[in-house]
Amino acid sequence: MIQALPKTKPVTFTEFLQWKPENKRYELHKGVIFEMNQPLGYHEWIILFLNEIILSEYKRLFII
């Protein structure tokens, strides 16, 4: 379940980066912080695939 964390004012991206703990997944959307679930099943495969594509493109562009 995705749940917004209670906050009195919108959070900036810089504030979010300073606050964000390392052990959980969070997302900032329009100034509101949402706790995200761990991706499961097919979503994990998509993340791995995208990581591989991005890394390959990075190597192609920057490592000659």
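For clarity, every value in this text was computed on a predicted model and none was experimentally measured. Side chains included, hydrogens not; waters and symmetry mates left out as well; all remaining heavy atoms used.
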Please collect all salt bridge (charged side-chain N to carboxylate O under 4.0 Å, His left out) contacts where either partner lies in residues 12-25, sequence neighbours excluded, each pair once.
-> Lys9-Glu15, Lys24-Glu35

Under the salt bridge (charged side-chain N to carboxylate O under 4.0 Å, His left out) rule, what pairs show up with a residue in residues 41-53, not counting sequence neighbours?
-> none

Among all residues two or more places apart in sequence or in another chain, which pass the side-chain contact (heavy atoms from CB on, under 4.5 Å) test with Ile47?
-> Pro39, Asn51

If Ile, Leu, Val, Met, Phe, Trp and Tyr residues are connected whenever their side-chain heavy atoms lie under 4.5 Å apart, and connections chain through other members, are Phe13 and Trp19 in the same group?
-> yes

Would you kindly confirm whether Tyr42 and Leu40 end up in one hydrophobic cluster when ILVMFWY residues are joined by side chain heavy atoms under 4.5 Å apart?
-> no

Student check: side-chain heavy atoms of Ile53 and Glu57 closer than 4.5 Å | no

Test item: Tyr26 and Leu28 side chains (from C-beta on) under 4.5 Å apart, heavy atoms = no

State which residues pass ring-ring contact (aromatic ring centres under 6.0 Å, His included) with Phe49; sequence neighbours excluded, sorted by chain then number.
-> none

Can you list the residues that meet the side chain to side chain donor-acceptor pair (under 3.5 Å) rule with Gln18, with sequence neighbours excluded?
-> none

Side-chain cluster (under 4.5 Å, hydrophobic types only) that Trp45 belongs to, other residues | Leu48

